[in-house]
Protein chains: 2
Amino acid sequence: MARWDPGARQRLQTAALELYVRQGFEQTTVEEIAQSVGLTERTFFRHFADKREVLFDGQDMLQQAFLDGVRAAPPSASPLEMVAEALAASAEFFADERRPWSRQRHAVITANPALRERELLKSASLAAAVAAALRARGVADRAAVLAAETGVAVFSVAFAEWIAEDEHRSLAEVEREVLEELKALAA
Amino acid sequence: MARWDPGARQRLQTAALELYVRQGFEQTTVEEIAQSVGLTERTFFRHFADKREVLFDGQDMLQQAFLDGVRAAPPSASPLEMVAEALAASAEFFADERRPWSRQRHAVITANPALRERELLKSASLAAAVAAALRARGVADRAAVLAAETGVAVFSVAFAEWIAEDEHRSLAEVEREVLEELKALAA
DNA sequence: GTCTATAGTGCGATAGAC
DNA sequence: GTCTATCGCACTATAGAC
């Protein structure tokens, strides 16, 4: 194991998920994760702020996709149409090959309250960022927040369906369906 | 300080909020809180699972109000109308006298990511409970989750406006307004 | 890279309330 | 006597400081 292997971050992530799956999150120590890839505890904390953060690394890119989606919407789009664009953009992140991995990660997270808390914080940050992007496109403050929260809720519901056992539709498809159902509910 | 004082839990809560306000959440140790009311760290953890939980004690009663609201809705009510009932019921919890206290508590929570995480977990639990109540009233699974999440989002937005500096309307009033805006957005 | 503070747990002892 | 809140002590792991 090379000492300055540049893949340290990646290796720590992979090892952490595997250990969390095998033994549970709380039963796994940071020292254990680090040693399993030939590094020290200290190095782990140089890469990740805490023991949970290691599972939430791609989050920035997902958020970027959402924001790009909002910005790409036509000038005439309503707030909810901008959100629909953002959802479509987000779906490109989750190709069918990622389904098994997403399932595994999701199982670990939902099994542990501490990990659920972190996930919820990430979702809230995402919603706040989307709201800011909507505001930047001229949407009023309160409407921006509501539309953003709604969008993230639709994403969560769609994502949960997408990783269900017998599901085969694409995430984009499920998202569209869920969004339609939301509109129907509010009507 | 009588060892057997039955108000231990309440005293710990009050002392914790005061210290969190004065010195910040992270700068306050559990030992400090406990000693300030003549108890030990060990006793604190008998009453509260962790250092954050001490700020989230009334949550069960708020959730109960939501659930009672859902159950009190007329048989003909749509999912969103049931949610509107739940919101109205929730507003009774926050009389005008509680506004200053709510402001203070909210300031402490928003200032600290760890506390925000816990608050988000509580909101998610609330949404899950509301969804279950809607399902119990015959609402389909996905619609129940969407309506519940929407309701909690409306509550959060309304609550944030209610505790704003120059705000004087009742929470129930703000909630109705926010819900109307949501409907307009989805239309 | 070591050293330390703090969160949180487990278990056994104690001191009242009844 | 029982029951239960409180305490004391020893311990691990996280996380941050030096």
Side-chain angles (χ1 to χ4, degrees), chain A residues 1-6 8-9 11-13 15-57 108-109 111-122, chain B residues 1-57 59 108-109 111-122:
Chain A
M1 195 72 58
R3 189 157 169 210
W4 338 100
D5 192 332
R9 192 183 180 88
R11 280 186 290 134
L12 284 167
Q13 277 181 68
L17 179 59
E18 194 192 314
L19 287 167
Y20 293 168
V21 167
R22 274 224 315 268
Q23 333 177 326
F25 173 73
E26 282 170 355
Q27 284 65 47
T28 305
T29 69
V30 172
E31 193 182 9
E32 215 175 340
I33 300 166
Q35 284 187 353
S36 79
V37 292
L39 297 171
T40 68
E41 187 183 302
R42 192 68 186 71
T43 307
F44 178 96
F45 284 113
R46 264 181 357 93
H47 284 281
F48 304 100
D50 59 53
K51 194 184 158 185
R52 289 173 282 167
E53 198 62 21
V54 66
L55 289 185
F56 298 89
D57 213 42
V108 171
I109 291 173
N112 190 280
L115 290 172
R116 263 187 62 66
E117 285 189 344
R118 179 54 52 83
E119 181 172 64
L120 290 164
L121 187 67
K122 295 293 182 182
Chain B
M1 193 72 58
R3 188 169 173 198
W4 210 237
D5 192 335
R9 192 184 179 86
Q10 178 75 40
R11 280 185 289 134
L12 284 168
Q13 277 182 68
T14 311
L17 178 58
E18 194 191 313
L19 286 167
Y20 293 168
V21 167
R22 275 223 315 268
Q23 331 177 328
F25 173 74
E26 282 171 356
Q27 285 65 46
T28 304
T29 70
V30 172
E31 192 182 11
E32 213 175 342
I33 300 166
Q35 284 186 353
S36 78
V37 292
L39 295 171
T40 68
E41 186 185 309
R42 203 67 194 78
T43 303
F44 178 96
F45 285 113
R46 260 186 62 77
H47 285 279
F48 305 100
D50 61 52
K51 195 183 159 187
R52 289 172 284 168
E53 198 62 19
V54 67
L55 289 184
F56 297 89
D57 213 42
Q59 209 71 15
V108 172
I109 291 173
N112 191 279
L115 290 171
R116 264 187 61 66
E117 284 189 345
R118 178 54 53 85
E119 182 171 65
L120 291 164
L121 186 67
K122 295 292 183 181

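None of the values given here were measured: they were computed from a predicted structure. Order of the sequence lines sets the chain letters (A, B, ...), proteins ahead of strands, with each chain counted from 1. The analysis underlying the following values was restricted to heavy atoms, covering all of them including side chains, and did not include hydrogens, waters or symmetry mates.
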>> The criterion is salt bridge (charged side-chain N to carboxylate O under 4.0 Å, His left out); which residues satisfy it with B/Arg9, sequence neighbours excluded?
In response: B/Asp57

>> Distance check needed: C/dT6 P versus B/Phe44 CZ, whole Å only.
In response: 15 Å

>> Applying ring pair (Phe, Tyr, Trp, His ring centres under 6.0 Å), can you list everything that pairs with B/Phe45, at least two apart in sequence or on another chain?
In response: none

> When rounded to the nearest 0.5 angstrom, what is the spacing between CG in B/Leu55 and CZ in B/Arg118?
Replying inline: 10.0 Å

> Is the phosphate of D/dA5, meaning OP1 or OP2, less than 4.0 Å from a side-chain N or O of B/Thr43?
Replying inline: no

>> Between C1' on C/dG8 and NZ on A/Lys51, what's the gap in Å once rounded to a whole number?
In response: 12 Å

> Can you list the residues that meet the side-chain hydrogen bond (donor to acceptor under 3.5 Å, both in side chains) rule with A/Glu18, with sequence neighbours excluded?
Replying inline: A/Arg22

>> My understanding is that only residues two or more places apart in sequence, or in another chain, count here; which of them pass side chain to side chain contact (heavy atoms under 4.5 Å, CB included) with B/Ala114?
In response: B/Phe25, B/Arg52, B/Asn112

> Just how far, in rounded Å, is P of C/dA7 from CZ of A/Arg52?
Replying inline: 15 Å

>> Once side chain to side chain contact (heavy atoms under 4.5 Å, CB included) is applied, do any residues pair with B/Glu31, and if so which ones, sequence neighbours excluded?
In response: B/Thr29, B/Gln35, B/Glu41

> With sequence neighbours excluded, what pairs up with A/Thr43 under the side-chain hydrogen bond (donor to acceptor under 3.5 Å, both in side chains) test?
Replying inline: A/Thr40

>> Closest approach to the side chain of B/Thr40, judged atom by atom: which nucleotide of D/dG8, D/dA15, C/dG8 is it?
In response: D/dG8

> Among residues 111-120 of chain B, which residues get a heavy atom nearer than 4.0 Å to DNA chain D?
Replying inline: none

> Taking only side-chain nitrogens and oxygens of B/His47, does any of them come within less than 4.0 Å of OP1 or OP2 of D/dA5?
Replying inline: no

> Sequence neighbours excluded, which residues qualify as ring pair (Phe, Tyr, Trp, His ring centres under 6.0 Å) partners of A/Phe56?
Replying inline: none

>> Tell me the interatomic distance from B/Leu39, atom CG, to C/dA15, atom P, rounded to whole angstroms.
In response: 17 Å

Check nucleotides 16-18 of chain D against the protein and report each pair of N or O atoms closer than 3.5 Å, with its distance, or say if there are none.
residue	atom	partner	partner atom	Å
D/dA17	N6	A/Arg42	NE	3.1

> Which whole-number value in Å describes the distance from B/Asp50 CG to D/dA13 P?
Replying inline: 19 Å

> Considering residues at least two apart in sequence or located in another chain, which fulfil the side-chain hydrogen bond (donor to acceptor under 3.5 Å, both in side chains) criterion with A/Glu32?
Replying inline: A/Gln23

> Are the charged groups of A/Glu26 and A/Lys51 less than 4.0 angstrom apart, N to O?
Replying inline: no

> Taking CZ from B/Arg46 and P from D/dG8, how many angstroms apart are they, rounded to a whole number?
Replying inline: 15 Å

>> Rounding to an integer number of Å, can you tell me how far B/Phe48 CZ sits from D/dA5 P?
In response: 13 Å

> In chain order, what residues pass the side-chain hydrogen bond (donor to acceptor under 3.5 Å, both in side chains) check against B/Thr14, with sequence neighbours excluded?
Replying inline: none

> Which ones in residues 17-32 of chain B lie close to DNA chain C, meaning a heavy atom under 4.0 Å from one of its atoms?
Replying inline: B/Thr28, B/Thr29, B/Val30

